[in-house]
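One structure below.
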2 protein chains.
Amino acid sequence: MAATILVVEDEPAIQELISYSLRQAKHTVFSTKNAEEAMKIINEALPDLVLLDWMLPGMSGADFARMLRRAARTKDIPIIMLTARADESDKVSGLESGADDYVTKPFSPRELLARIKAVLRRRAPEAADDVVEIGGLRLDSATHRVTANEIEVVLGPTEFRLLHYLMTHSERVHSRSQLLDQVWGDHVFVEDRTVDVHIRRLRKALENVDKDGLVQTVRGSGYRLSAGQAVSAG
Amino acid sequence: MAATILVVEDEPAIQELISYSLRQAKHTVFSTKNAEEAMKIINEALPDLVLLDWMLPGMSGADFARMLRRAARTKDIPIIMLTARADESDKVSGLESGADDYVTKPFSPRELLARIKAVLRRRAPEAADDVVEIGGLRLDSATHRVTANEIEVVLGPTEFRLLHYLMTHSERVHSRSQLLDQVWGDHVFVEDRTVDVHIRRLRKALENVDKDGLVQTVRGSGYRLSAGQAVSAG
DNA sequence: AAACAGTATTGCGGTTTTGTGACATTTGCA
DNA sequence: TGCAAATGTCACAAAACCGCAATACTGTTT
């Protein structure tokens, strides 16, 4: 959800407003007043999206958009054009130049954010309908369901993600820290012990379909999901 | 089968005839005399199809079609061109400009409707199905009716579209944003939470026929319509 | 066997996400 | 013009979740 956005807008006031609200929404913002500088920034690192003013000193926004569209490296970056209300033909040429959407000034920060969200979502590859199946347990991310023998296992969001990760990386041992990074997200400050709790919740839910044995503890290392059962001698 | 159609035609008589027969066929119609106005309408919300007169005052139909094809947001809208006579070169250029089909004047409303149906079907293979039935709930988009066990369920327009979408894309989880895009429209700006309210209204209506369990909440992800029950062991 | 270190369980307070009913507007029509 | 249906937002209640920490276990090491 949080993305890196390049804002190309010469009016300081609008520039300020946009940057502020984008940052407020957890996005990372780079901003410039003209196309030339924007180009430099893009050369450094590709943003996830470009907010481009239609009227710019020097190279116009439309021309800049077209340029981005022509270069292989930048042609897939979503572009949202900022146009002045008045003339409709601007919108037309704006979109023709390759923009994914446009927002007419004046606009509310809220609207801008909604548009950004929509464009980013549209660009994101349709979540592949991936279905994983291991040891008689089946997880379908499209329908967001986990079943075993036709019986559904009800899981909370975190347990679902955790199981998803374990299933797509089965047979391997994952330390608690690794799980926190992969399942909770990078740089999240949560106790290692919390993983235990979620593993516990996951196992409990799997007990209902007799599949709790799939989640195994590897003492001193972490956890592992494995179809091969852990046999305790004894 | 009911669709939203934008008619761009400058001759009042023909305009009238077309609008009348389209509405008769349950389509929603927007109409204008020229490309410029048409652009404004499209900026508001995308129609499912555009009926475009080849000859238009100002920007020509062909140019307008090309323009639509170039813009990312509109390039997938089906276009049917209305040409003055069976002039081969017109047809050719018409199709070249990006039209999906063409109809030569004079034409019968019947022929026009057939072409429209064909084009829409080609574009949306799955939406062509007029009747959907899931979990004992039956929705007929032709008669705009929803029934369960012979009993009719009364729904408002939005709830109807929402249910229709969910039924034609059942089992899958849809986020609120996705639902807004699909059910409300491409360029509308409303709160995510609004979806909740309509889901609520939909469920309430379905309660009358004991089918409200079909609409399920997937916490953290969105909603899903499913015939399968969530069986959670205690 | 006692001391340890690593795990399993549970209960709980605090949050976040949903469900709901009420309300202000807008829209279509009578 | 006035009414009724349809809609988008709110504010508050209800649920579902989370992460933590205290406590109970388990397997190892000395």
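This one's a predicted model, so the numbers in the text were calculated from it and none came from an experiment.
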Euclidean distance, B/His164 NE2 relative to B/Leu155 CG, rounded to 0.5 Å: 12.5 Å
Test salt bridge (Lys or Arg N to Asp or Glu O under 4.0 Å) applied to B/Glu37 - qualifying residues, sequence neighbours left out: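 With neighbours one apart ignored, the set is empty.
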Residue closer to the 5' end of DNA chain D, A/Gly156 versus A/Val190 (nearest nucleotide):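 Nearer the 5' end of the strand: A/Gly156.
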Quick check on DNA chain D: between B/Arg161 and A/Arg161, whose nearest nucleotide comes earlier from the 5' end?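 That would be B/Arg161.
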Please report, rounded to the nearest Å, how far the [atom2] atom of [N] is from the [atom1] atom of [X].
| X | N | atom1 | atom2 | result |
| --- | --- | --- | --- | --- |
| A/Gln216 | C/dT7 | CD | P | 14 Å |
| B/Leu162 | D/dG8 | CG | P | 11 Å |
| B/His198 | D/dC10 | NE2 | C1' | 14 Å |
| A/His144 | C/dT17 | NE2 | C1' | 14 Å |
| B/Glu159 | D/dA6 | CD | C1' | 8 Å |
| A/Leu179 | D/dG19 | CG | P | 13 Å |

Assess the side chains of B/Glu171 and A/Thr143: does a donor N or O sit below 3.5 Å from an acceptor N or O? no
I'd like to know if A/Glu207 and A/Arg203 make a salt bridge, using a cut-off of under 4.0 Å between side-chain N and carboxylate O. no
Indicate, with a heavy-atom threshold strictly under 4.0 Å, whether A/Val188 touches base, sugar-phosphate, or nothing. nothing
Is it true that, when you exclude B/Phe30 itself, more than 12 heavy atoms of the residues, nucleotides or ligands shown sit nearer than 6.0 Å to its CZ? no
Output every pair passing salt bridge (Lys or Arg N to Asp or Glu O under 4.0 Å) with a member in residues 147-163 of chain B, not counting sequence neighbours, ordered by first then second residue.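 Counting only pairs at least two positions apart or across chains, the salt bridge (Lys or Arg N to Asp or Glu O under 4.0 Å) contacts touching residues 147-163 of chain B are B/Arg145-B/Glu152.
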For nucleotides 19-30 of chain C, give me one character per nucleotide, 5' to 3': B if any protein heavy atom sits under 4.0 Å from the base, S if the only such contacts are to the sugar-phosphate, - if neither. BSSB--------
Sub-3.5 Å pairs of nitrogen or oxygen atoms, protein against nucleotides 13-15 of chain C:
none

Among the candidates D/dC20, D/dG19, D/dC17, find the nucleotide nearest to the side-chain atoms of A/Trp184. D/dG19
So which nucleotide from D/dG19, D/dC18, D/dG27 ends up closest to the side chain of A/Arg219? D/dG27
Between side-chain atoms of residues 180-194 of chain A and protein atoms elsewhere (two or more places apart, or another chain), which donor-acceptor pairs fall under 3.5 Å?
from, atom 1, to, atom 2, distance (Å)
A/Arg193, NH1, A/Asp196, OD1, 3.1
A/Arg193, NH1, A/Asp196, OD2, 2.3
A/Thr194, OG1, A/Glu191, O, 3.4

OP1 or OP2 of D/dC20 sitting under 4.0 Å from any side-chain N/O of A/Thr194?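 Answer yes for this pair, as a side-chain N or O of A/Thr194 is under 4.0 Å from OP1 or OP2.
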Below the 4.0 Å mark, does D/dA6 have OP1 or OP2 next to a side-chain nitrogen or oxygen of B/Thr158?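 Looking at the OP1 and OP2 atoms of D/dA6, neither is under 4.0 Å from any side-chain N or O of B/Thr158.
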Under the rule for side-chain hydrogen bond (donor to acceptor under 3.5 Å, both in side chains), what residues qualify as partners of B/Arg200, not counting sequence neighbours? none
Donor-acceptor contact below 3.5 Å, side chain B/Asn149 vs main chain B/Ile151: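 Flag not set: sc B/Asn149 to bb B/Ile151 has no pair under 3.5 Å.
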